[in-house]
Amino acid sequence: MSKEINVKRIGVFTSGGDAPGMNAAIRAVVRTGSFHDLHIYGIECGYEGMINGQIRRLDTKDVSNIIHRGGTILRTARSKEFHTKEGRSSAYEHLQAHDIDGLVAIGGNGTFTGANIFSKEYDIPIIGVPGTIDNDLFGTDYTIGFDTAVNTAIEAVDRIRDTADSHSRLFFVEVMGRDAGYIALTAGIGSGSGKIFIPEIHTSMDSLFSSLKKAIKRKKLFSLMIVAEGNKSGGAQQLADQVNAEFEDYEPRVTIIGHLQRGGSPTAMDRVLASRLGFQAVEGLLVGKKNAMVGIVNNKVKFTPFKDAITKEKAMDKDLLRMAEILAL
Ligand code: F6P
């Protein structure tokens, strides 16, 4: 650490969809802050709690026994009021009342969009920690919660595989990812599934139909298809409906894994990632970093300005989809 600056009281909060590993990040923020003799304040329910003054001191004991727990001990919310100037002004007043002079925001795109606006309106340094199962943030290879969500999805698909195989059935399994296909792509490859439908790259119904026809010829009706919820040509149910209308041989079944993917104990990878990022967020504030998201790129810590983290698109590796297709033949 080089240049010291005057941050003495840091507020930490989680916002948007919860993600397994957020607690490990909170723990890292509190423990790193204590190490540097800072006062750490937990803000409950994200921006909503900031607006309502739900702020309390956290010390090292408050974060004991949470590294393995899913969810977030600080709770979370998606705040409409923070979109308004009045909401943000009330949030700032509550921070001032506690003399909070730095913030660590743990969340995703919406969280950092709010942080970007807030940091421009009020002179308070903010560091973002990427916490979302979607892994859709530019400036970090992985977001906290992604690995756990993928493992949960793969475990679910493994179970579906047993029954799909036994009945020689076609299944469409829908995973989360409103705008991003990272969970679908990774879970699809990791579960050895057939076609993978993601928002970023279009997979045509023609290509699906043609592989289903080939499967009929080979008398192999058992198949698993993975669909991201944000797939542009429809979710799992819509795709299954189209197959139903086209084929007599198939009676596809649909499973939507949904919020199961958001819960559960974080994997080792998520715990370590969250610990590294929470630690770096505090040390970053201490050396004058601000209004940026801390991430890990090629195993190196990297600070990316909020405006880039929220507007730049993280490139999807198209070769992986092609590889998945080949491996599923
Ligand atoms: O952003 C994370 C995420 O889990 C998305 O994958 C999903 O579309 C969304 O949150 C669901 O949000 P909610 O819990 O508000 O229904």
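Every number for a ligand or one of its atoms is a count from 1 in the order of the listing.
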Closer than 4.0 Å to some heavy atom of Ile133 - which atoms of ligand 1 meet that?
4 (O)

As an exercise, identify every atom of ligand 1 less than 4.0 angstrom from a heavy atom of Glu229.
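Per the distance check, 5 (C), 6 (O), 7 (C), 8 (O).
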
For [atom], which protein heavy atom lies nearest, and how many Å away is it?
{"atom": "atom 6 (O) of ligand 1", "answer": "Asp134 OD1, 2.7 Å"}
{"atom": "atom 12 (O) of ligand 1", "answer": "Arg78 NH2, 2.9 Å"}
{"atom": "atom 4 (O) of ligand 1", "answer": "Arg262 NH1, 2.9 Å"}

Check the side chains of Tyr41 and Arg9 for a donor-acceptor pair under 3.5 angstrom, ignoring hydrogens and angles.
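A donor-acceptor contact under 3.5 Å links the two side chains.
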
Any donor-acceptor pair under 3.5 Å linking the side-chain atoms of Arg262 with those of Thr152?
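No, no side-chain donor-acceptor pair sits under 3.5 Å.
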
Heavy-atom contact check, 4.0 Å cutoff: does His259 meet ligand 1?
yes

Is Glu325 reaching over with its side chain to a backbone N or O of Arg322, donor-acceptor style, under 3.5 angstrom?
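A pair under 3.5 Å: no.
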
Is the backbone N or O of Ser265 less than 3.5 Å from a side-chain atom of His68, with the two atoms forming a donor-acceptor pair by type?
no

Could you check whether Phe82 and Phe118 have their ring centres less than 6.0 Å apart?
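Phe118 vs Phe82: aromatic centres under 6.0 Å.
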
Please confirm whether Phe222 and Phe171 have ring centers closer than 6.0 angstrom.
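So the answer is no for these two rings.
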
Could an N or O of ligand 1 be found under 3.5 Å from any N or O of Gly177, whether backbone or side chain?
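Right, the criterion is met.
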
